[in-house]
Amino acid sequence: MSVSLLFLGAGNRGFAYARLAHALGARIAGVAEPRGERREAFREAFGVERAFGDWREALEAPPLGEAAVVALPDRLHAEAAVALMERGYHLLLEKPIAPTWPEVARVAEAKARTGRMVAVAHVLRYTPYARALKALLREGAVGEVVSVQHLEPVGHWHFAHSFVRGNWRKEGESSPFLLAKSVHDLDWLLFLLPKGVRRVASFGGLYHFRPERRPEGAGTRCLDCPEGVERRCPFSARRIYLEAYARGERGWPLDVVAYPVTWEGLVEALREGPYGECVYLGRNDVADHQVVMLEYEGGETASLHVEGLSRMRFRETRVFGTEGELFGDGERIWVHHFVRGERVVEVGRFGEASVRGGHGGGDLGLVEAFLRAVALGEEGLLEPFAEAVYAHRLTFLAEEARRGGRVVEVENPRP
Ligand SMILES: NC(=O)c1ccc[n+]([C@@H]2O[C@H](COP(=O)([O-])OP(=O)(O)OC[C@H]3O[C@@H](n4cnc5c(N)ncnc54)[C@H](O)[C@@H]3O)[C@@H](O)[C@H]2O)c1
């Protein structure tokens with residue numbers, strides 16, 4: 001597809017989208033990335049003409065294409081997104097749109113003012129599984145949807161990697177847990193039940209990854225931890241990273257710990273950096289489990305569980321309707337119609353659920369839809385931006401509800 005792209009951020013997500021866009025025939029005209037090794041690797045991999053050390057420098061250059069991919073850390077999204085739109089770029093914008101509601105509103109205002117297209121990377125919506133599920137609901141497989149129950153099993157080692165040791169461990173430095181991990185999931189509830197929400201409640205917090213739960217005798221770093229303690233610890237960095245390397249893994253999350261991924265690089269990072277630290281040191285403050293409940297204007301309800309202490313797998317959703325119920329696990333959908341009985345729709349496996357596996361085909365679906373929308377000038381090929389904004393709004397309200405210990409009424413329920 002003859003679309004030229006500017007990439008802001010050549011980290012994990014930047015590389016993932018660039019690989020897909022490049023394979024689909026897009027031209028990658030520019031990249032902004034402060035880390036020299038990653039910038040050069042990106043430049044070489046995709047034949048990029050212009051490279052910059054900071055996203056602001058890229059914006060001072062003449063336009064490098066009609067669209068940009070914003071794969072920067074959360075806190076830089078809003079400022080970059082607004083500036084890019086003002087320079088005329090359409091956007092593939094990583095989620096969250098921004099870590100605060102005023103910034104999200106600023107991005108929405110800039111979009112309305114500039115008329116640019118914005119594809120928010122709510123990748124779940126772009127999976128073959130989402131299309132199959134939505135088609136079933138449209139054809140009335142369970143009648144009218146009355147209630148949805150949704151689970152995001154983050155995975156115990158993924159939680160330890162990203163939310164205890166990694167970039168999202170401190171709310172003040174990135175985003176609240178619900179926003180960082182599950183604005184996707186509130187968006188998913190809106191995808192299945194796209195109606196106005198009247199009330200929001202939420203509970204949860206940091207239960208397990210606290211100093212008072214540190215096993216007796218544990219070291220401050222896994223590589224120095226007594227073997228008897230380390231071998232029993234599910235969150236041992238030796239287990240999560242070194243054993244994965246020994247099994248032949250080289251991608252995420254190892255490339256977050258050391259880049260390029262080498263045994264020596266990993267060992268050094270585990271000896272000196274945050275990914276080798278004991279998970280019970282108290283350097284993290286985000287929730288490790290959270291539930292959210294929604295009540296819709298029409299009386300429908302939805303609930304979300306986001307669980308750090310879980311086996312990593314695809315998200316699971318149950319939908320209860322006036323004529324039946326269904327259950328989906330990301331690959332297969334079981335439908336039980338109260339009159340017509342059971343059937344199973346096999347969607348198939350499109351990679352793994354996580355970033356490592358392209359989010360079950362969602363990364364590819366998003367990049368394909370974005371390139372096509374830009375090439376044809378057809379925003380209708382993208383999932384609605386207004387629903388992405390609404391999902392963010394509900395996420396902030398859920399946080400308000402959790403912190404304040406109250407049920408929050410939604411003013412102006414529709415976006
Ligand atoms: N859609 C999803 O499922 C999904 C999954 C994971 C992460 N994310 C989001 O994607 C974004 C990127 O996450 P990631 O995992 O790739 O993180 P990352 O840290 O690997 O990548 C971010 C990159 O931005 C670069 N950067 C920092 N400051 C910059 C600047 N001033 N100018 C240009 N580049 C700069 C960093 O050096 C880094 O390489 C985050 O907002 C994250 O929340 C989304």
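We count ligands from 1, going down the list as the structure has it; atoms in each ligand are counted the same way. Remember, predicted model here, so these are calculated numbers, not experimental data.
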(message) Tell me whether Asn167 reaches ligand 1 (any heavy atom closer than 4.0 angstrom to a ligand atom).
(response) yes
(request) Enumerate the atoms of ligand 1 whose separation from the nearest heavy atom of Asp54 is less than 4.0 angstrom. (result) 30 (C), 31 (N), 32 (N)
(request) Check ligand 1 against Pro73 and write out every atom of the ligand that is under 4.0 Å from a heavy-atom position of the residue. (result) 22 (C), 24 (O), 26 (N), 27 (C)
(message) Tell me every residue that passes salt bridge (charged side-chain N to carboxylate O under 4.0 Å, His left out) with Arg214, counting only those two or more places apart in sequence or in another chain.
(response) none
(message) Check this for me, if you would: do Arg75 and Glu173 make a salt bridge, where the nitrogen-to-carboxylate-oxygen distance has to be below 4.0 angstrom?
(response) no
(message) Using a 4.0 Å heavy-atom cut-off, which part of Val256 comes near ligand 1: side chain, backbone, both, or neither?
(response) neither
(message) Tell me the contacting part of Arg56 for ligand 1: side chain, backbone, both, or neither, using a 4.0 Å heavy-atom threshold, strictly below.
(response) neither
(message) Would Arg38 count as a polar contact of ligand 1, with the cut-off being nitrogen or oxygen pairs under 3.5 Å?
(response) no
(request) Could you tell me whether some N/O pair between Pro96 and ligand 1 is separated by less than 3.5 angstrom? (result) no
(message) Looking only at the aromatic ring of each residue, does the gap between the centers of Phe7 and Phe46 stay below 6.0 angstrom?
(response) no
(message) Centroid separation under 6.0 Å, is that true for the rings of Phe177 and Phe159?
(response) yes
(request) For residues 68-122, pull every pair meeting ring pair (Phe, Tyr, Trp, His ring centres under 6.0 Å), keeping only residues two or more places apart or in separate chains. (result) His122-His184, His122-His392
(message) Could you work out, for atom 30 (C) of ligand 1, the closest of Trp55, Tyr259, Phe15, Trp168 by heavy-atom distance?
(response) Trp55
